[in-house]
Amino acid sequence: MNPYAYIREQVIAMAGAMADEGVLPAGMDFANLAVEAPRDPSHGDVATNAALVLTKQAKMKPRDIAAPLAERLAGLEVVEAADIAGPGFINLRLSDDFWRARLGDVLRAGTAYGDSRIAAGEKINVEYVSANPTGPLHIGHVRGAVYGDALANLLAKVGHDVCKEYYINDAGAQVDVLARSVHLRYREALSDLGDEAVGEIPEGMYPGDYLIPVGQAMAKRDGDKWLDLDEAQWLGEFRRFSVDAMMDLVRADLASLGIEQEVFFSEESLHRDGGIDSALAALQDKGLIYTGVLEPPKGKTPEDWEPRPQTLFKSSQFGDDVDRPLRKSDGAWTYFAADIAYHHDKVERGFKQMVDVWGADHGGYIKRMNAAVRALSNDQGRLDVRLCQMVRLLRGGEVVRMSKRAGNFITLRELVDEVGRDVVRFMMLTRKNDAPLDFDFELAMEQSKDNPVFYVQYAHARIHSVLRRVADEMPDLAVDMETLREADLSGLTDSAELDLIKQMATWPRAVEIAAQAREPHRIAFYLNELASAFHALWNKGNAEPKLRFIMAEDGGMTQARLALIQGVALVLASGLAIMGVEPVEKM
RNA sequence: GCGCCCGUAGCUCAGCUGGAUAGAGCACUGGAUUUCUAAUCCAGAUGUCGCAGGUUCGAGUCCUGCCGGGCGCGCCA
């Protein structure tokens, strides 16, 4: 049971009853009525703004509504006290028994505790990473990868039917460059001279060593059949072969972070199979495509600007600043045209809700994509573009400088190899996605409470340490899950113990809030607080031996305490699962 | 010039979509260790929430205008 949702139901039911009796007017709207834990715990366990929200509709003073409502609430068995405070808040203190029963909820649900049905069965598409298939993933891709993956988990937790997707930009000129670079490595592989064969990699080619095995693989598969042909004859095959190889690389990089997407959608397939034609035909039918001339962009006119009639999409009709071109001057489709077709395909696949995770430098594209989705879906679909800000790498307080030209970009794989998957994932989720993030190598590896990854995992490991220990110290005591679920919890009376339960009871709500805001970082903050409450109780046991989890002379108390910390472990584990971090049992 | 994001304690940041006296951590000071892993905990201070208006019972949160920082601004992806 979600205690806040439960109390809210009660409040609404009572307000309804008051309406029936004529104390309040009939037919009031309760949408804004909130029941939450007050910021200040001294105000009680839960608070409601009911009287304040209803004051206008009822045309009554807040306190005149609050008084009779509080009186009724006080009559509930679980309510110990109902006070009116401030401008008209009703503060409730709930019985300890009520809270102890919430621990039972946690133990019965297991890691499914916090699962919600607010989005039950709603299909949603989450597209993330979508890096160009021209090389391994690097540091710039990591945050979006982790954010997108955690968001997908979070959305699934609240009931969404989530499709995790990657858009392969395999149609642009960068793929020609890739194919030529691989052809170079192919020639190199067939030459007796080895690396010497191609010498310096020419300007405008990809110099990375990761293409050497790709060239070798091609040489092994096809021998010298492409060696003396014109580019036009080998380019297509080299494009396909190279993109496949790069996507294998990308998938392996993602796997090292524990990311596995279900759909890999090829941009090239849109060009090949008529996807662009059909998407634009759909827009054409709606009268949203025309030929026109755009104004030059203000403030930064390109030198070679010349007004030119273009094929344009009326994105300005859907909130964009100007209409956007669909064809390049050479007649080829723009990237935007392909992207329209891609989202058209998503709409056709039945997605009304779509999330795209992009780098902050693509912010300028949001309006036109939103416009396109609205147009393609007859305003039924909704695209939510989430931007991830830059990650700054620090080593010992110094910013790690990287440049693409110098080729010293830190790859995703290097990062994971150095600090580990769990650290990377957790750290990337310790900030709001649209705020810049500093990633400090030294802090990431530090084993102290300053390191949030460690702090949370340590709490989980500590709990399992106790569970291992009790097996040694009290071998005859039953501590399996089934037993703990039925344990008598009435011995849990200390404020630190009840605080821990109350903290756990906010988990389902924390999940829903994070999911609605699409902000998985909130999960990281929640886990930090829960871990903190647990560490506090642990230390209280050092000062007061009566509060220790293992009470060798009192099996019943030990079971109650173990039930408590097992509950904490379950909530920590279910939160870490959303983040994609392993809940370690031993450190 | 235009658009988007950001501005909260000395530093790094939360702030539950409008609630009560705006919170953590770091740093600083003092304290707890024959431990269920002290890898931790407890106690102590600080704020014109960038500025100015507006909306209302109530604004860090919503609206408008400024100021400051970041990103972007036909045909690259």
Side-chain angles (χ1 to χ4, degrees), chain A residues 32 34 36-40 43 47 49 52-53 55-56 61-62 85-89 91 132 134 169 171-175 267 293-302 304-308 310 312 320-322 324-332 334-336 338-339 359-367 387 389-390 430-432 434-436 438 446-452 454-455 458-459 461-463 465-470 473 506 509-510 512-514 516-517 521-522 525-526 528-529 532 534-543 545 548-552 561 565 586-587:
Chain A
N32 292 326
E36 295 170 328
R39 272 187 201 161
D40 184 346
H43 287 138
N49 60 358
L52 295 162
V53 170
T55 183
K56 198 174 239 173
K61 287 181 186 162
F89 288 98
N91 294 325
N132 280 345
T134 56
N169 296 135
Q174 81 281 3
V175 181
E267 179 191 0
V293 180
L294 288 176
E295 297 285 309
K298 296 252 163 61
K300 192 189 166 188
T301 311
D304 58 350
W305 174 267
E306 45 181 280
R308 180 186 2 252
Q310 288 175 296
L312 300 170
D320 199 1
D321 306 313
V322 293
R324 303 292 177 178
L326 300 169
R327 280 186 192 278
K328 303 186 215 173
S329 51
D330 66 1
T334 59
Y335 182 82
F336 181 49
D339 230 348
D361 53 343
H362 288 61
Y365 254 73
I366 295 178
K367 283 188 177 180
L387 297 182
Q389 276 291 348
M390 301 276 285
T430 53
R431 288 280 175 274
K432 213 164 19 189
D434 57 7
D438 285 347
E446 201 171 296
Q447 304 216 327
S448 80
K449 71 195 190 78
D450 302 343
N451 179 346
F454 174 80
Y455 187 74
Y458 180 45
R462 253 185 165 176
I463 290 167
S465 158
V466 174
L467 295 172
R468 283 191 297 271
R469 182 133 188 148
V470 77
E473 291 190 10
T506 64
R509 184 154 166 71
E512 290 182 354
I513 288 165
Q516 276 164 349
H521 77 277
R522 293 181 194 242
F525 279 89
Y526 173 88
N528 236 310
E529 277 171 28
S532 171
F534 167 74
H535 286 308
L537 178 60
W538 175 291
N539 271 77
K540 214 167 167 183
N542 281 341
R548 295 199 173 190
F549 303 127
I550 300 175
M551 307 290 284
R561 296 257 163 80
I565 62 173
K586 208 169 185 176
M587 302 185 79

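Letters go in sequence order (proteins before strands), and every chain restarts at 1. Just so you know, these numbers use all the heavy atoms, side chains as well, and skip hydrogens, waters and symmetry mates.
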A.B. asks: With the side chain counted from C-beta on, respond yes when A:Phe549 and A:Ile463 share a heavy-atom pair under 4.5 Å apart, and no when they do not.
C.D. replies: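 Side-chain contact under 4.5 Å: no.
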
A.B. asks: If every non-hydrogen atom of A:Pro325 is compared with every non-hydrogen atom of A:Phe336, which pair is closest and at what distance?
C.D. replies: O-CD2, 3.9 Å

A.B. asks: Roughly how many Å apart are B:U56 and B:U61, using the C1' atom of each and rounding to a whole number?
C.D. replies: 14 Å

A.B. asks: Please list, pair by pair, any protein nitrogen or oxygen found under 3.5 Å from a nitrogen or oxygen in nucleotides 23-33 of chain B.
C.D. replies:
residue, atom, partner, partner atom, Å
B:C26, OP1, A:Lys449, NZ, 2.6

A.B. asks: Please tell me which of A:Ile550 and A:His535 maps to the more 5' nucleotide of RNA chain B, matching each residue to the nucleotide holding its nearest heavy atom.
C.D. replies: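 Taking each residue's closest nucleotide, the earlier one in sequence belongs to A:Ile550.
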
A.B. asks: If you go through the side-chain atoms of A:Tyr526, does one of them form a donor-acceptor pair with the base of B:A14 closer than 3.5 Å?
C.D. replies: no

A.B. asks: B:G10 and B:C51: how far apart are their P atoms, nearest whole angstrom?
C.D. replies: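 After rounding to an integer number of Å, I get 13 Å for this pair.
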
A.B. asks: Quiz question: going by heavy-atom distance under 3.5 Å, is there a donor-acceptor pair between the base of B:A39 and the side chain of A:Asn451?
C.D. replies: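 Answer no: no donor N or O sits under 3.5 Å from an acceptor.
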
A.B. asks: If I pick the C1' atom on B:C41 and the same atom on B:A22, what distance separates them, to the nearest angstrom?
C.D. replies: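 Here B:A22 and B:C41 have their C1' atoms 26 Å from each other.
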
A.B. asks: Polar atoms only, N or O, under 3.5 Å: list the protein pairs with nucleotides 4-13 of chain B and their distances.
C.D. replies:
residue, atom, partner, partner atom, Å
B:U12, O2', A:Arg431, NH2, 2.8
B:C13, O2', A:Arg431, NH1, 3.4

A.B. asks: Mind checking which stems touch RNA chain B? I mean at least 3 consecutive Watson-Crick or G-U pairs, both distances under 3.5 Å.
C.D. replies: B:1-7 with B:67-73, B:10-13 with B:23-26, B:28-32 with B:40-44, B:50-54 with B:62-66

A.B. asks: In terms of side-chain heavy atoms of A:Phe89, which of B:G15, B:U37, B:G19 is nearest?
C.D. replies: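 Closest of the options to the side chain of A:Phe89: B:G19.
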
A.B. asks: Across the strands shown, which category fits A:Arg548 at heavy-atom distances under 4.0 angstrom: base, sugar-phosphate, nothing?
C.D. replies: base

